[in-house]
Number of protein chains: 2
Amino acid sequence: MPERKPRKDAARNRETIFAAADALFAGCEDPNDVTMADIAAAAGVGKGTLFRAFGDRAGLLRTLYASRLEPIEQAVEAGPPPLGPATPPQQRVLAVLDATLCFKLDNRRLTLALEDSGSTSPYQAEHYQRWHRLLRTMLEQIPGSTGGDFTAHVLLAAVRADLVEYLAGQEGLPRERIRAQLADFTTGVLNSGSSG
Amino acid sequence: MPERKPRKDAARNRETIFAAADALFAGCEDPNDVTMADIAAAAGVGKGTLFRAFGDRAGLLRTLYASRLEPIEQAVEAGPPPLGPATPPQQRVLAVLDATLCFKLDNRRLTLALEDSGSTSPYQAEHYQRWHRLLRTMLEQIPGSTGGDFTAHVLLAAVRADLVEYLAGQEGLPRERIRAQLADFTTGVLNSGSSG
DNA sequence: TGCAAAGCGGACCTACGGTCCGTATTGTTA
DNA sequence: TAACAATACGGACCGTAGGTCCGCTTTGCA
């Protein structure tokens, strides 16, 4: 695949749309209130341009999300401890989950929009698969652990966008409290493996 | 409020709609494919009737869901062990979660439709609040346990409709395997409390 | 400078949830 | 059982939002 590069104006518009969408999601109450037409208008482009650049709503959200998440994925893949690969599994599981939680706290609206979007369940998304595989692998490296696959799913469920949104938004729990609770819970899960 | 009883035809239609919706959801692939117009048509009534009877889509789904769930709620509230109130907490937590899981396995499409429906997060729903409160209370009765509130959320997240759908549907895991994994995981969580 | 190719934009289409209101059914009173 | 309110019916209708189409413009290459 030669994948020839896009024209200059196309690239520019892509960036503009990207920025506009980002801003709209950041400054909204309910992500569903931000329509594709809104985004196009805010970016100063036509709807056609928007849809050509990102395919559909889910595509746009995925792209936004991926770009935000990239630093964290880098850090996990090849960064220094505690996120990087050199970290002992237990500690790394905690770090990865904490990073995920923090990310979702920092990008609540966007993440919420993404997990809402479309009727496709979040579990089909390739980025979910990646995180799950990573988590499962780490869990299986912990001696005496069992059920890594299911445990990985549940740990990821513990940081799902709408739960995080509920705890931080409706319940008004402070960030540090949620982080602490997640850490406590995860620690418990990790320790229980070796005693069962 | 005296809440006068509805007319005979209204009551009859309510039942008909109810049954039609039930059947459509049971026999569909994606719950979003079942539109309100479909349900009205299948029930042989006009859309007006449908909306008058249930308010909106979420209302219909809630009603369906509640009616299906009623036996379990009865059993939890006032039934014999292991679901009923006389059961020791640890055991009851396991039983309640297992019952919830089985219910969702048996009513996958409907539950999925409900948790999808609307932009309102599942966490606002009063039935979620009820289960959460129940679970939290039980968890707090277990000596040495901490973080019952968050733990209750996570345990409920472990049986969320779309996860269950994914495990049973896409992954094709057999029912008993999922149940076993949930039981293992939950047991681990319950035991970890007393060692931390 | 000329000319494809790539891209633009917004009118347009479709589908779905939800409303409205003229008509039909119910049930009550005599 | 005739008459009349109250209640409910049903499907035409509406608004909205995602997504498409196509005539026009911009870009980039020779």
Side-chain angles (χ1 to χ4, degrees), chain A residues 1-21 24-25 28-64 109 112-120, chain B residues 1-21 24-25 28-64 109 112-120:
Chain A
M1 274 295 146
E3 69 170 45
R4 53 179 97 198
K5 65 181 173 189
R7 247 167 54 176
K8 229 185 325 188
D9 53 351
R12 183 164 20 89
N13 273 332
R14 219 182 128 87
E15 286 309 305
T16 311
I17 291 169
F18 206 91
L24 282 181
F25 280 118
C28 76
E29 202 52 41
D30 179 354
N32 297 27
D33 292 346
V34 179
T35 72
M36 294 302 271
D38 290 340
I39 296 171
V45 303
K47 283 178 65 178
T49 304
L50 207 178
F51 280 95
R52 196 171 327 97
F54 298 99
D56 58 7
R57 178 170 240 258
L60 170 59
L61 294 173
R62 262 197 311 271
T63 308
L64 264 173
R109 301 291 138 68
L112 208 51
L114 181 67
E115 289 189 19
D116 269 15
S117 104
S119 50
T120 53
Chain B
M1 276 296 140
E3 72 170 46
R4 51 179 100 201
K5 65 181 171 189
R7 246 167 54 175
K8 230 187 321 190
D9 51 351
R12 182 162 22 86
N13 273 332
R14 219 184 128 89
E15 287 307 305
T16 311
I17 291 168
F18 206 92
L24 282 182
F25 280 118
C28 75
E29 202 52 40
D30 179 354
N32 297 25
D33 292 347
V34 179
T35 71
M36 295 302 270
D38 289 342
I39 296 171
V45 303
K47 284 179 63 178
T49 304
L50 208 177
F51 280 95
R52 195 169 329 95
F54 297 98
D56 58 6
R57 179 170 239 259
L60 170 59
L61 293 173
R62 263 198 309 272
T63 309
L64 265 171
R109 302 291 138 68
L112 208 51
L114 181 67
E115 291 191 16
D116 270 15
S117 103
S119 50
T120 52

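A note on names: the letters A, B, ... follow the listed sequences, proteins ahead of strands, and every chain is numbered from 1.
In terms of phosphate contacts, B:Lys8 brings no side-chain nitrogen or oxygen within less than 4.0 Å of OP1 or OP2 of C:dT25. Side-chain N/O atoms of B:Asn13 include one lying less than 4.0 angstrom from OP1 or OP2 on D:dC9. Side-chain N/O atoms of A:Thr49 include one lying less than 4.0 angstrom from OP1 or OP2 on C:dG9.
In this structure the side chain of B:Arg109 never reaches within 4.5 angstrom of the side chain of B:Val34, judged on heavy atoms. No side-chain heavy atom of B:Leu61 sits less than 4.5 Å from a side-chain heavy atom of B:Phe54.
Between the side chains of A:Thr16 and A:Asn13, no donor-acceptor pair is found at a separation under 3.5 Å.
For B:Asp9 and B:Asp56, each mapped to the nucleotide of DNA chain C holding its nearest heavy atom, the one lying further toward the 5' end belongs to B:Asp56. Heavy-atom nearest nucleotides on DNA chain D were determined for A:Thr35 and for B:Arg52, and the one closer to the 5' end corresponds to B:Arg52. Nucleotides of DNA chain D nearest to B:Arg7 and B:Gly46 differ in position, and the one nearer the 5' end is that of B:Arg7.
Distance, A:Leu61 CG to D:dG19 P: 10 Å, rounded to whole Å. When rounded to the nearest whole Å, the span between CZ of A:Arg57 and P of C:dA15 equals 20 Å. At whole-Å resolution of the value, CD1 in B:Ile39 and C1' in D:dG10 are 16 Å apart.
Formation of a donor-acceptor pair under 3.5 Å by the B:Arg57 side chain with backbone atoms of B:Met36 is not found in this model.
Base engagement by A:Lys47 is indicated by at least one non-hydrogen atom pair under 4.0 Å involving a base atom. In this structure, A:Arg12 reaches the sugar-phosphate backbone alone: every heavy-atom distance under 4.0 Å involves primed, P, OP1 or OP2 atoms, never a base.
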